[in-house]
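Since the structure comes first, as structure tokens, the remarks are kept for the end.
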Amino acid sequence: MNSKTEEVLRKDIRKSYNNKLIQKFINAGLEEIRACINCGTCTGSCPSGKRTALRVRSAIKKALDGDESILKDKDIWFCSTCYYCYERCPRNIPVTDMIIKLRNIAVEEGYILDNHFDLAYNVFYKTCHAISAIGENNKKWRELRESYDLPSLPPTVHSYPEAVKECQKLMREVKFKQLLDKIKKKKKKDNKNIK
Amino acid sequence: MNKSALKYGFFLGCVIPNRYPMIERSIRDVFEELNIELIDLAGASCCPAPGVFRSFHILTWLVIAARNLSLSEELKVSPVTGCNGCYGTLRDVWYDLEHDPQLKMKVNEELRKIGKSYTGKYEPKHVVQVLYQDLGLDYLKDYIKYKFSDLKVAVHYGCHIIKPSIKRPWNKEYESPTFLDELVELTGAKSIDYKDKYLCCGAGGALRSGFNEVAADFTKEKLINIRKAKADIIITCCPFCQLQFDLGQKEVSNIFRDEIKKPFTIPVIYITQLIGLSMGIDPNRLGLIKNHNIKDVSPFISLDPFLKLIKKQLI
Amino acid sequence: MVETENLKIGVYICHCGTNISGNINIDLLKEYSSKISNVVLVKDYKFMCSDIGQKLIKADIESGIINRVVIAACSPRLHEYTFRSVCEDIGFNPFLFEQANIREHSSWVNLNDPEGAFEIAKDHINMAVAKASKLKPLKKIKVSVESSCLVIGGGIAGINSALDLANNGYKVYLLEKNPSIGGHMAQLDKTFPTMDCSACILTPRMVDIARNQNITLLTYSEIVGIDGYVGNFKIKIMKKPHYVDQIKCNGCGSCITPCPVICKNEFDLGMTSRKAIYIPFPQAIPGEYTIDMENCIKCGICADPNVCETEAINFNDKPEIINIKVGTIIVATGWDLYDPTELKQYGYGRYPNVINSLQMERLLSSIGPLSGNPARPSDLLVPKRIAFLQCVGSRYYREGGNRYCSRVCCMYAIKQARQYKEKYPDCEIFIFYIDMRTFGKEYEEFYESSQREYGIRYIRGRIAEVLEDKNNNIIIRSEDTLSQQLIELKVDLLILSCGLEPNIDSDKIGSLLCLQKSSDGFFMEAHPKLRPIDTLLEGIFISGVAQGPKDIPDTVAQAKAAASGASILMAKAELEIDPYYTVVIDQLCSGCKICQSLCPYNAIEFDDYKKKALINPVLCKGCGTCAPACPSGAIEQNHFTSDQMNSIIDIIKEDN
């Protein structure tokens with residue numbers, strides 16, 4: 001195929017997906033799913049699907065059909081990223097990565113669980129750890145460290161305030177902080193949430 | 001190769017130092033005993049966690065991880081982590097950036113803003129990978145002093161130490177690897193087979209923080225299978241799985257009280273806690289014997305039944 | 001040169017309906033072509049290959065207006081022969097003609113870019129004219145044809161090709177690596193969709209082979225060397241030692257019981273055992289015995305005259321080398337079943353009650369290990385509930401899998417399911433599938449009846465993983481994709497419908513014969529539609545699954561086609577070969593032998609007296625490997641001389 005023909009073909013494919021959301025999915029690389037033969041190996045392998053309403057194959061299909069409801073759907077947050085679907089897909093589609101990308105788009109659109117938002121905003125951005133040992137609440141953990149002959153705070157960002165600054169700078173540079181701020185405002189305003 | 005000349009950058013992550021310091025202690029002590037140098041990666045942050053933060057914003061995940069990797073590059077060593085989640089992040093980012101020069105360039109552009117850079121020269125490793133591949137069973141067996149021949153172990157691998165297999169060092173084996181079983185059996189213990197042995201613990205993928213009861217449902221299934229197989233103890237190679245089996249075990253016993261009838265009380269320890277013990281390291285240091293009066297801290301499930309079992313073999 | 005002064009080139013542009021003219025402006029192309037030097041005439045026509053188109057060219061040559069022909073049309077692979085014949089018909093040297101491919105190489109690949117297509121067409125015509133200016137008249141070589149054929153592989157494909165050729169009066173050597181002919185078809189119980197007994201329709205053919213005076217059966221034999229060219233292949237064959245004199249042995253079988261060595265019976269895929277002295281299966285042809293030396297402990301019991309009355313046992317048997325000469329070769333090397341062990345999620349090799357489809361075939365077979373009363377391997381109980389999984393190893397884009405569809409698995413699974421239901425009407429059968437592909441004659445009807453009459457249940461979903469419970473039952477986890485439900489189904493036996501792969505020895509045969517393979521690993525045909533049984537090497541044909549997965553009807557059809565192809569060649573006493581071979585210019589050759597080491601066809605010899613390389617024009621395929629490698633530039637390839645190639649390159653250089 002020459003490049004001009006390829007360009008025309010790609011344009012045609014995108015034309016058939018004319019809504020903005022689908023464009024986002026395609027740009028995120030979800031269009032790889034085109035090669036799916038709907039064999040169900042992913043869904044059948046999914047340990048989460050056994051106990052929740054998550055249907056991996058159907059969720060990604062929905063996304064590519066431009067069904068926005070998938071973003072608000074809590075189902076996509078049931079994936080434990082165990083990677084069985086990714087490993088077993090006969091068409092070599094990185095299914096788990098697709099779910100992650102789908103979640104990224106959901107967050108970008110403001111759909112994030114309160115718990116997750118709190119973790120990102122109040123723990124991760126502030127301390128640069130996902131689970132921290134600072135603050136009065138965590139005193140027992142610092143004592144526990146000491147009982148094992150370890151300094152009360154580990155030699156991580158916890159012991160290096162300038163490292164926290166570095167990480168926070170990166171998070172601002174890649175617009176993560178701004179995204180969180182935007183979501184915070186939105187959450188307050190329209191109580192937008194995952195169903 | 002002179003194996004005692006090995007050195008690594010110790011990437012702690014979050015759960016190990018801040019919730020399971022006995023794992024940190026056991027890794028440090030076991031490596032010291034093996035004459036392997038661990039250099040602290042000063043100022044390292046969260047990896048960031050592949051379930052939560054990667055799900056929120058992939059680019060953030062990439063640059064923060066690349067920063068962590070750059071810390072070990074500055075010391076000219078491979079980073080080693082004891083956590084499957086951190087391993088997943090560091091290894092995936094390393095792999096992805098090696099296979100996407102454009103992305104690597106973009107990540108470096110961001111890192112430059114804080115005066116750092118990333119090359120990808122040093123392969124991120126897992127503690128288990130160092131023990132099994134860099135040292136090897138043959139090398140380790142000379143250090144084993146005590147054997148626990150009556151001990152029946154339920155090994156739990158977790159997910160990200162083996163998958164995605166293309167980005168892992170286990171010859172693309174993901175359905176039924178044996179490296180952790182082999183390490184466990186080095187101590188004379190018996191790694192028993194149980195249903196759905198390779199099933200996820202349920203904590204990952206932002207599930208524990210998002211829907212604790214769904215995560216607990218995974219754990220319940222595992223615990224039922226492990227109990228059915230009559231295991232004395234669960235051995236993990238990931239502090240987050242360990243948290244899920246330890247604290248989570250209490251949660252499961254609580255949430256599914258009616259269904260499971262008898263609460264679960266299966267001790268859970270980390271692989272270097274077991275290996276350290278069989279190498280003769282003081283069980284007090286390894287966190288196997290409680291040496292403090294701090295309340296509501298790990299381990300949440302008592303290790304006493306385990307200690308009772310192996311006591312006579314330690315003498 | 002004198003010739004240059006007299007050059008009169010005619011350019012003929014074909015519209016090919018609208019295949020070319022629909023995308024390329026023919027008038028502009030004509031105008032452009034007429035300005036190229038030495039071009040004296042430019043014509044266009046709707047179909048140059050048609051009768052009228054041909055006459056157009058003939059008239060111009062005969063009237064002397066032109067003395068070189070350039071035709072801008074489709075690929076030379078399609079019509080070069082046509083236009084060569086046009087030249088030959090009127091006594092004009094056919095090698096003074098050149099074809100520019102402006103269809104595949106320009107129009108078709110630039111459908112959305114007419115300007116680009118036009119530019120490329122210009123280049124092609126320009127290059128063809130440049131080369132035409134340097135063309136020299138050449139003469140075809142004539143070779144004699146040996147009236148005999150070597151058929152490699154004694155399965156249903158090889159058997160049919162051999163019989164057709166032999167019945168047509170040709171001498172046939174039928175080579176088989178195993179001790180018996182019959183191939184995989186001998187292992188099957190029944191054949192879809194008519195449910196004929198496989199052995200009942202196969203064995204008469206096997207007997208015919210043994211009885212046919214024109215056929216020399218070379219079982220338990222392998223090719224070790226091949227030399228020569230179309231019409232004159234010299235083949236070296238090793239007959240492996242049977243350690244049983246094949247003439248003295250009367251097939252009585254008295255040696256079997258006393259033999260103390262028990263080993264796996266490959267014919268039953270290891271589900272039963274056989275002795276170290278054995279015949280592969282009861283209807284084996286030839287019916288004489290063989291000692292499997294890998295397992296034999298040489299106890300000598302079988303050699304006791306009380307055991308073997310004809311004293312046929314010979315522990316000193318040695319491999320025997322025989323040399324034959326044949327005119328044609330048919331490759332019918334067949335297939336092996338995909339090994340599903342690596343797909344660990346299905347538990348094959350780990351769980352006794354997960355078997356492959358060929359094992360199921362043996363279980364169903366009336367001459368199989370259970371005399372046609374299938375039971376499951378773990379406890380020999382009759383499974384009440386069984387499942388089939390389709391596409392095992394097929395349509396699989398990961399490492400270790402096959403991307404292609406094997407074309408037979410859907411049908412054989414339905415067939416096995418129906419057979420099983422006939423034997424045990426109260427059983428439950430599930431077939432897990434992605435797509436059911438039942439495209440042959442009466443195949444869809446066969447599928448429908450399995451649903452309506454037999455009540456076989458089809459679940460649309462590929463099994464995700466398989467577990468075993470403590471009673472060796474199999475627990476299947478899958479999605480039913482039509483209802484989007486996750487299912488966990490306990491069955492007594494799971495059959496993996498594995499795909500077909502090229503025979504493990506086809507690599508060896510392929511490299512001995514210098515055959516090309518397509519990306520799926522099967523041998524490549526010369527043209528996928530019009531030359532399905534020819535290879536790119538003249539005189540060598542492919543037949544059956546060696547070319548790609550196919551069922552028995554298609555295999556037999558192709559086997560007969562291959563026999564026909566070989567007959568056509570052998571019916572001629574002499575063959576003409578295109579003169580594309582390379583020649584050594586003696587004065588320049590330094591005798592370094594580099595060319596000899598590079599030639600993939602062993603066409604270059606070394607003349608020890610003259611100390612020069614010597615190229616056998618018939619063996620040489622004109623691949624061009626030697627010419628550029630020659631450090632002294634002593635090798636020229638006919639019709640692709642340096643002069644001709646440089647003239648083409650010059651055009652491209654000018655263009656940029």
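As the structure is a prediction and not an experimental result, all values here were calculated from the model. Every chain is numbered from 1, with letters handed out A, B, ... down the list of sequences. The analysis underlying the following values was restricted to heavy atoms, covering all of them including side chains, and did not include hydrogens, waters or symmetry mates.
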- request: Kindly assign one of parallel, tilted or perpendicular to the pair C:Tyr404 and C:Phe522, based on the angle between their ring planes and the thresholds 30° and 60°.
  value: perpendicular
task: Taking all heavy atoms of C:Ala73 and all of C:Gln99, pick out the closest pair and write down the distance.
output: CB-NE2, 4.2 Å
message: If you compare all heavy atoms of C:Phe432 against all heavy atoms of C:Ala387, which two are closest, and at what distance to 0.1 Å?
response: CE1-CB, 4.0 Å
- request: Heavy-atom distances under 4.5 Å only: say whether A:Cys42 touches chain C with side chain, backbone, both or neither.
  value: neither
- request: Select all residues of residues 336-349 of chain C having any heavy atom within less than 4.5 Å of some heavy atom of chain A, and report them by number, or 'none'.
  value: C:Gln345
- request: In sequence, state the C-alpha distance, the side-chain angles, and the governing distance for C:Glu468 and C:Asn472, and then conclude on side-chain contact (heavy atoms from CB on, under 4.5 Å).
  value: CA-CA 6 Å; C:Glu468 188 189 45; C:Asn472 298 112; 2.8 Å; yes
message: Tell me whether C:Arg398 contacts the main-chain N or O of A:Glu87 through its side chain, where contact means a donor paired with an acceptor under 3.5 Å.
response: yes
- prompt: Between C:Arg462 and A:Pro90, which heavy-atom pair has the shortest distance, and what is it?
  reply: NH1-CD, 3.5 Å
- request: Return each pair, listed once, that meets ring pair (Phe, Tyr, Trp, His ring centres under 6.0 Å) where at least one residue sits in residues 140-185 of chain A; pairs must be two or more places apart or across chains.
  value: A:His129-A:His158, A:Phe176-B:His57
message: Set out, in order, the CA-CA distance, both residues' side-chain angles and the distance that settles side-chain contact (heavy atoms from CB on, under 4.5 Å) for C:Asn402 and C:Asp520, then state yes or no.
response: CA-CA 7 Å; C:Asn402 298 314; C:Asp520 55 11; over 6 Å; no
message: Taking every non-hydrogen pair under 4.5 Å, which of C:Glu465, C:Glu399, C:Arg403 racks up the most with chain A?
response: C:Glu465
Per-residue contact mode, C:Thr481 against chain A (heavy atom under 4.5 angstrom): both
field: A:Arg91, part contacting chain C, at a heavy-atom distance under 4.5 Å
entry: both
